Every structure is written in C-alpha cells, then in structure tokens.
Amino acid sequence: MKLFNLSENKINDKQLKELVLDPNSGGFVCFEGWVRNNNQGKDVTKLAYEAYNKLAIKEGNVIISEAMDKFTIKKAICTHRIGLLEIGDMAVWVGVSAPHRDAAFKACRFILDEVKSRVPIYKNESWTDGESGWVEQE
Amino acid sequence: MKLFNLSENKINDKQLKELVLDPNSGGFVCFEGWVRNNNQGKDVTKLAYEAYNKLAIKEGNVIISEAMDKFTIKKAICTHRIGLLEIGDMAVWVGVSAPHRDAAFKACRFILDEVKSRVPIYKNESWTDGESGWVEQE
Amino acid sequence: MINIKILFFGKLKDTWKTSKLNYQTSSKTTEDLYQELLTKAIGEPHKDSIKVAINDEFVNWSSPLNNGDTVAFLPPASGG
Amino acid sequence: MINIKILFFGKLKDTWKTSKLNYQTSSKTTEDLYQELLTKAIGEPHKDSIKVAINDEFVNWSSPLNNGDTVAFLPPASGG
C-alpha cells in the first residue's frame, strides 16, 4: 500500500490511524484538515479538489520518504481527498508515530507543509454569492 | 466540563475529539502518548501514574488557559490517565482545533510540553526483571 | 513539428480556457512551448510561479520535447 | 508548635519512606520545614528540583506555615 494516497471518497481516518500505530512508538501525532464554512473572508458552500493524480501520488510518496529519512519516526501516512467536498468533510489526514514526541510533531508538520506546497492538488471553492474560483495557497 | 482532566479509566479519545471539533476551524491536531513496551533501555511490563489530583487538575487547566491566550485556537482539551496502565494503553491525549494549522500544531505541542513539565503526575514503571521504580522525565 | 498533449491545471485552465489539448509545435523545450502558448493565454501568468512536467515527472524549463509527450503546466498547489 | 499534614509524591515517597504524614513542627516557612525533614530523609534531594504546595496551591520556599496546613513536596513531574 502506498503511504500517500488520494481518495475520491470520505477519508477513513480510523483505518489510517490503525495503520500508523506502532507498539514500540509511544507518540502519535495527527493533523486533520476540514472544509470550513468560510475562507479568506468568503462564505463557502462547497469545494472541489482536483489533482494531477499520477504526479500527485508520486510526489506525495516522495515527501513521506523524505520525512522517514529526516526524522526518527516509525510510520507516516497521508491521504488527501479529491472531488466534490461538503462543509465539514475531511480534506486531508496526516498521521505519524514515533518513539519520541518531538520527531512525531516535526514530521507531521513537515509532511503537511510539503504536501500543501509541492503536491499538484488544486482547490476550487463555491461561494454563497453563486460564484466559484480557484483558490491560491494562503 | 473542565478542559484538563485526569482519568482512572481508559481514555475515550473519540469522545474527546468530538468536543474539540469546531465547524469554523479547518485544522485539528492531536497528540496521543501510549505505554511502550520499553523505556530508556528497559523492558516495561506495566506502569502506574500517580497524581496530586487536585493540584494536577488545577495546573492542567491553567495550561489550557495559557494556550488559549497564547495561540489563535478555538478549542483545546487534554486528558491524562492515572492508575495502573498496560502496554498499549493511552497515557495522554491532547487535541486542539484552530482556523490555521500553525496555531493548532504549536498549541498542541505547548500543552503537551507544559503538562509533562508542570502537572504533578508521576510515573512508576515495572520492568521484566521484577523491579519497579519512579521514572524521571526523559 | 511534433505532436504533443498539453494539460492545464487549476487556474491555468481558466488562463487557456481548456484543461487538455492536442497540439502540434516546433518548440524544442518546455520554455519555448510556454512562450508560444502565452500568445493564446488570457493574461500573462509568469512562469516563475508555474511548474512543468513531462509524462508525469517534474522537469525544468530547458527540458527537451519529444513527439508523443504529455506536457503539464501546474500553478502553485493549493491542497490541504 | 503547629500541626500540619505532609504529602510526598513520586520518588520523594521513597526518600521519606511515606506518602502522608501528620507532623508537629516549629518551622515557620516551607524552607525551614524542608531542612528539618532532610534529617529524616534517605539521601539529600536538592530543593531546587522540588516544588512545594500548601493546601493544593503551588507556593515558594519562603511561604509561611499555618496550623492545619497540608504541605506537599513534589519532585519533577513525569507525566505524558
């Protein structure tokens, strides 16, 4: 199984967490990003994530490998949702297990930041004024 | 309900997470600490956490208040297990929701670090050699 | 002349009013191709903010084009 | 002389071979009391690494003692 994946369905975070847990690792850190009802001052009704799937999966897995090299962690997994999302849906899940908390926090943050900046995924928001558009990184 | 609690029973992280989620907050970070089968080079069979309960709950809630003041977060909760724990049990859970990921990560880490250093909770480990003892902070 | 496929993502789909294009070109590199495509763009998206990929691999702006390649133009990611 | 209750936590329970003690003292402050208790300790735990509380509140080493107080001595925390 790949450690970075795209999902067209709701992210099953419980299942992902089971895959990350490790009996030798005392620390687990996870990040969950949800679709908010507002963004950059606009009221959001729904949003779609579109990805360059093949390249996104390739680059996401490179990022996980980098995290495994860079930090003393045991397991790391990230899944990003694509397609049409509703308010309150989970857009991204990152989970890391490690013997010590410092590495777990840093690796989780690293994976999230790198995914946001390097993985070709694009957010298209629909707003209450009926308009929609591509959203730049905050 | 207090935001920092001690629990003599297994930590119900699903329930705690429900309390932290916030529809206006796109980011959620949590930390879970589990009892490992080894610590500082020794094989652990079980461990007990003992607390100065009243002062621990008071100080833990001061830490959550400090985090709310210091970081732009929506909700934060921490529960620490006390009593006898088995390998694989969850010892501590910290969850934070925030509009932006940076505050969520920093606040979660802050709460965990401060709880570990300031809240009067004491770990007593039992090892495979039959011995047991009070364990200093790593 | 070579025949290539071009993919646009995110806001670049608006810039070129398409997401996919079969295209014939005499451009030799990704940069030549980009300059050529700019004449058909709405606006002038600066290539510094854009990444380019050939056949599902990131490449640079001096990478050569071959017949049958799929070239993708990618604006800054906005996942998460 | 005042009557107080003393609580020891963590490894300090080993140091004083007890967790709870009813105690009569003429010590005026937490520091006086600590010095007095050291004569009964196994080892000499340095007070720099110890926190002291009176009636479930952290206090400092010059805090006065009153009859009926509960004084707790707390080694470095090891939760988490």
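If you're wondering where the values come from, they're calculated on a predicted model, not measured in any experiment. Heavy atoms only: backbone and side chains are in, while hydrogens, waters and symmetry mates are out. Labels below follow one simple rule: chain letters A, B, ... track the order of the sequence lines, proteins then strands, and each chain is numbered from 1.
Here the shortest heavy-atom pairing between C:Lys51 and A:Ser117 reads NZ-O, 4.5 Å. The heavy-atom pair separating A:Tyr52 from C:Asp56 by the smallest distance is OH-OD1, 2.6 Å. The minimum heavy-atom distance linking A:Lys116 with C:Ala77 is given by the pair O-CB, 3.4 Å. Nearest approach of C:Gly80 to A:Tyr49, heavy atoms of both residues: C-OH, 3.5 Å. Among all heavy-atom pairs drawn from C:Phe58 and A:Pro120, the shortest one is CZ-CD, 4.3 Å. The two atoms that bring A:Trp134 and C:Lys13 nearest to each other are CZ2-CE, 3.4 Å, heavy atoms only.
Contacts of A:Ala51 with chain C are made by backbone atoms alone, with heavy-atom separations under 4.5 Å and no side-chain atom involved. Interface remark: A:Arg81 contributes no atoms to any contact with chain C (heavy atom separation under 4.5 Å).
Between C:Glu57 atom CD and A:Lys54 atom NZ the span is 10.5 Å, to the nearest 0.5 Å.
Heavy atoms of other residues, nucleotides or ligands lying less than 6.0 angstrom from NZ of A:Lys46 number 12 at most. Atom CD of C:Glu44 has 12 or fewer heavy atoms from other residues, nucleotides or ligands within 6.0 Å.
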